[in-house]
Amino acid sequence: MKVLMNDGTVSECPENEEVHVLRHSAAHIMAQAVKRLYPDAQFAFGPATEKGFYYDIDLGDRKLTDDDLRTIESEMVKITKENLPFKVFELPRDEAVKLMKERGESYKVEHIGDLPDDARITFYQQGEYIDMCVGPHITYTKALKAFKLTTVSGAYWRADANNKMLTRINGIAFKTKEDLEAFEKQQEEALKRDHRKIGKEMELFTFKDVGPGFPFILPNGMIIRNELMKYWREIHDANGYLQIETPIMLNQSLWETSGHWDHYKDNMYTSTIDDVLYCIKPMNCPGSMMVFMDKPRSYKELPLRYAEVGLVHRYEKSGELHGLMRVRCFHQDDAHEYLTDDQIEAEIEHITKTINEVYNKFGFEYFVELSTMPEDHMGSLEVWEKATNGLKAALEKMNMPYVINEGDGAFYGPKIDFHLKDCIGRTWQCGTIQLDFMMPKNFGATYIGEDGKEHTPVMIHRVVFGSVERFMGILIEQFAGKFPVWLSPCQVKVLPVSDKTLAYATEIAESLKAAGVRVKLDDRSEKIGYKIREAQQVDRVPYMLVLGEKEAESGNITVRNRDTGKSATISYEEFETSILSQIKNRDMTLGDFE
């Protein structure tokens, strides 16, 4: 695909950048369509994004509906069929301001005001529409063949709540109609799997107006979380971690020393106690550092691995909240490890094996990013280079492919991020390994080395699930609520066909309960078909035991498999042995009783 560069030349676009250019051009074509339909519209920013594109627009008091989006879409189709060429030109700052004022684009004028006095501003034009932009763009509007406008939302000018709320029109664009159709199918599947919908149906969690962004985990959800944490503890015990717990609220001075106050205070909740400011922890690491410094340490103790599932609180804007995926409080399955310089590679390999074991258990594929020094960072370039090279060396020693994510490291050090790929192709950033030379130095943490002298330890920050609540949300969508037996809130539903078999059904339910199975007896006076549909489709129970007179007389059971819908009549003993084995081994698929 050929693209128009901001110097007026036409170049061949690299294949991995084609979609980005298409989406950027789609934003311009959408803006042109909006301007045709709503001549008084003023435009702010309209970038391409990883998932699509958007434009923030001042439409006055007008509120757009879904029908309006389809109208704008239709106008975009007309523009593509007109096959308008994209043209590029450049103006000095003063002339650029004059042009934008003439066109009534006050937001563009304000944006130009941020640029240097000697700046020359690049503009792209297709037909009657002119937009300030650095490009590149497609050469003709006809090159945009597959696009769709998806949603309308609100966005403050410059992301500042003190500024005017603008209308953000979101859209997607792809190289081909086939790619667009595949995306739409994925979105349909994602809607079916939406953890908020399933969470309500299965009574896993809820949110209340008294605490926006603060989840209430319901009894069924607590079963899932407790089972996850039981598995988590076993994995960590086996890998040499010591579990600790640190206070949820600590003195402001601690957060100043750690660097969080300077780099993260806008995301922290605070309270005053005895005229002293305290912070509710957004991270667990400073508390872990206090445990490490509780007594003198020796090199013989290193690597020292502390694990903590701490409840952390972070301020998120209301518009960014999203079910369990984006909340204001969550349990973070942290570990903080203290080690010597020459232990870095081996420890990162040890952590990676642990993370890999967990992700493989749940059937997740993943890819790895190495995130480097951000602009807002602590420490010298030399320290950052040392830490970054340490992570690179560890990844290369393990022959693990990775991509560089420039400037996205934590403020105290570079990190390795693990991005999970779920069953419908979406990615989620969960696990992370962060290498930190700064925090131990800031706190004056030391250990006595083999030479008898004091040394500063290296610190690794590490999570596997990330946020336990978010990981639960991902699992809800991964399994569409159809959890494996060991995670299911209800593992078996016993369904008597009629009152005549209620006594036998009660006996079976009590036997399963005594064996340690989570079981429910549905003794309602409902038709058996209704009971089965509810258990299978709403409650998503792995096994339904359908007990009629035939089963009561023979002492057998008819077991129905949730995932296959198939039924088989077997002995109670065979079923109990099988389900207990599945629970013990944490099997990820249901048993076959044919």
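Only a predicted model underlies this, so the values are computations on that prediction, with no experimental measurement involved.
- Phe483 contributes atom CZ, which lies 5.5 Å from atom CE of Met202 (distance to the nearest 0.5 angstrom).
- Counting only heavy atoms from C-beta outward, the side chains of Trp255 and Met268 approach each other to under 4.5 Å.
- With a 4.5 Å cut-off on side-chain heavy atoms, His331 and Arg225 count as touching.
- Interatomic distance, CD of Gln186 versus CD of Glu188, reported as 11.0 Å (0.5 Å rounding).
- A cation-pi arrangement is present between Arg168 and Tyr54, with the terminal nitrogen or guanidinium carbon under 6.0 Å from the aromatic centre and inside a 45° cone about the axis.
- For residues 551-580, the set of pairs meeting the salt bridge (charged side-chain N to carboxylate O under 4.0 Å, His left out) definition, not counting sequence neighbours, comprises Lys566-Glu594.
- Considering only residues two or more places apart in sequence or on other chains, Glu347 meets the side chain to side chain donor-acceptor pair (under 3.5 Å) condition with Arg305.
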Under the side chain to side chain contact (heavy atoms under 4.5 Å, CB included) rule, what do Arg524 and Glu534 come out as? Steps first, then yes or no, please.
-> CA-CA 12 Å; Arg524 295 175 299 169; Glu534 184 181 66; 2.4 Å; yes
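- The existence of a salt bridge linking Glu201 and Lys197 is confirmed by a sub-4.0 Å separation between a basic side-chain nitrogen and an acidic carboxylate oxygen.
- In this view, Glu181 satisfies the side chain to side chain donor-acceptor pair (under 3.5 Å) rule with no residue, not counting sequence neighbours.
- Defined by atom type and a distance below 3.5 Å, a donor-acceptor pair is missing between the side-chain atoms of His236 and Gln243.
- Taking the six-membered ring for Trp and thresholds of 30 and 60 degrees, Phe471 and Tyr359 have nearly parallel ring planes, at less than 30 degrees apart.
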Please walk me through it: do Phe367 and His419 pass ring-ring contact (aromatic ring centres under 6.0 Å, His included)?
-> CA-CA 5 Å; Phe367 69 91; His419 295 263; 4.8 Å; yes
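- Checked by atom type and distance alone, the side chain of Arg314 never pairs as donor or acceptor with a backbone atom of Asn267 at under 3.5 Å.
- Test Arg426, His195, Met325 against Ile474 for side-chain contact (heavy atoms from CB on, under 4.5 Å) and you get one pass: Met325.
- When the shell of 6.0 Å around NZ of Lys148 is examined, it contains 12 or fewer heavy atoms from other residues, nucleotides or ligands.
- Legend: side-chain hydrogen bond (donor to acceptor under 3.5 Å, both in side chains) pairs involving residues 495-517, not counting sequence neighbours: none detected.
- Side-chain contact between Met249 and Ser271 is present, with at least one heavy-atom pair separated by less than 4.5 Å.
- The distance from the CG atom of Leu435 to the NE2 atom of His461 is 8.5 Å, given to the nearest 0.5 Å.
- The backbone N or O of Ile172 lies less than 3.5 Å from no partner atom in the side chain of Arg23, so there is not a single donor-acceptor pair.
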Side chain to side chain contact (heavy atoms under 4.5 Å, CB included) between Trp486 and Lys230, intermediate numbers included | CA-CA 11 Å; Trp486 67 279; Lys230 181 180 178 183; over 6 Å; no
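- Remark: Tyr572 OH to Asn556 CG distance equals 13.0 Å, nearest 0.5 Å.
- Counted by atom type alone, Thr65 and Asp68 present one or more donor-acceptor pairs between their side chains at under 3.5 Å.
- Using a 30° and 60° split on the angle between ring planes, His263 and Phe411 fall in the parallel class, below 30°.
- Side-chain contact between Asn405 and Leu370: absent, with no pair of heavy atoms (C-beta onward) separated by less than 4.5 Å.
- Of the possible donor and acceptor atoms, one in the side chain of Glu73 sits under 3.5 Å from a partner among the backbone N and O of Leu149.
- At least one donor-acceptor pair under 3.5 Å links the side chain of Asp194 to the backbone N or O of Arg196.
- Rounded to the nearest 0.5 Å, atoms CG (Leu228) and CZ (Arg233) are 10.5 Å apart.
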Donor-acceptor pairs are to be reported for all side-chain atoms of residues 203-217 against protein atoms at under 3.5 Å, with residues two or more places apart or in another chain.
none

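- Shortest non-hydrogen contact noted between Met544 and Ile532 is SD-O, 3.9 Å.
- For the pair Phe465 and Val358, the minimum side-chain heavy-atom distance is below 4.5 Å.
- In terms of modelled atom types and a separation under 3.5 Å, the side chain of Asp408 and the main chain of Ser371 share no donor-acceptor contact.
- Pairs of residues two or more places apart, or lying in two chains, that qualify as side-chain hydrogen bond (donor to acceptor under 3.5 Å, both in side chains) and include a residue from residues 281-294 are Thr246-Lys281, Lys281-Asn284, Lys281-Glu308, Asn284-Asp334, Ser288-Tyr338.
- Side-chain contact between Val464 and Phe418: absent, with no pair of heavy atoms (C-beta onward) separated by less than 4.5 Å.
- For the pair Tyr402 and Asp417, the minimum side-chain heavy-atom distance is 4.5 Å or more.
- Figure legend: Arg540 and Phe479 shown without cation-pi pairing, the cationic atom not lying both under 6.0 angstrom from the six-membered ring centre and within 45 degrees of its axis.
- Ion pair Lys353/Glu349 flagged as a salt bridge, since at least one NZ, NE, NH1 or NH2 atom sits closer than 4.0 Å to an Asp/Glu carboxylate oxygen.
- Tyr231 approaches Glu357 most closely through the heavy-atom pair OH-O, 3.9 Å.
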Step by step, would you call Thr150 with Asn170 a side chain to side chain donor-acceptor pair (under 3.5 Å)?
-> CA-CA 6 Å; Thr150 54; Asn170 301 277; 5.4 Å; no
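- The one candidate from Lys584, Lys361, Arg586 that meets the salt bridge (Lys or Arg N to Asp or Glu O under 4.0 Å) condition with Glu234 is Arg586.
- The distance from atom OG1 of Thr558 to atom CG of Leu547, rounded to the nearest 0.5 Å, is 7.5 Å.
- Side chains of Cys430 and Tyr366 form no contact here, defined as non-hydrogen atoms less than 4.5 Å apart.
- Using a distance-only test at 3.5 Å, with no hydrogens or angles considered, a donor-acceptor pair links the side chain of Arg462 to the main chain of Asp333.
- Among the candidates Gln582, Lys493, Gln491, the single residue satisfying the side chain to side chain donor-acceptor pair (under 3.5 Å) test with Tyr543 is Gln582.
- For Asn356 and Thr352, the side-chain atoms include no donor-acceptor pair closer than 3.5 Å.
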Determine, step by step, whether Ile460 and Ile433 satisfy the side chain to side chain contact (heavy atoms under 4.5 Å, CB included) criterion, reporting the C-alpha distance in whole Å, the side-chain angles of both residues, the deciding distance to 0.1 Å, and the verdict.
-> CA-CA 7 Å; Ile460 289 179; Ile433 304 172; 3.9 Å; yes
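- Contact detail for Phe292 and Leu304: the closest heavy-atom pair is CD1-CD2, 3.8 Å.
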Decide side chain to side chain contact (heavy atoms under 4.5 Å, CB included) for Met459 and Cys285; before the verdict, give the C-alpha distance in whole Å, the side-chain angles of both, and the deciding distance to 0.1 Å.
-> CA-CA 10 Å; Met459 185 179 186; Cys285 35; 3.9 Å; yes
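- Around the CD atom of Glu320, the shell of radius 6.0 Å holds more than 12 heavy atoms that belong to other residues, nucleotides or ligands.
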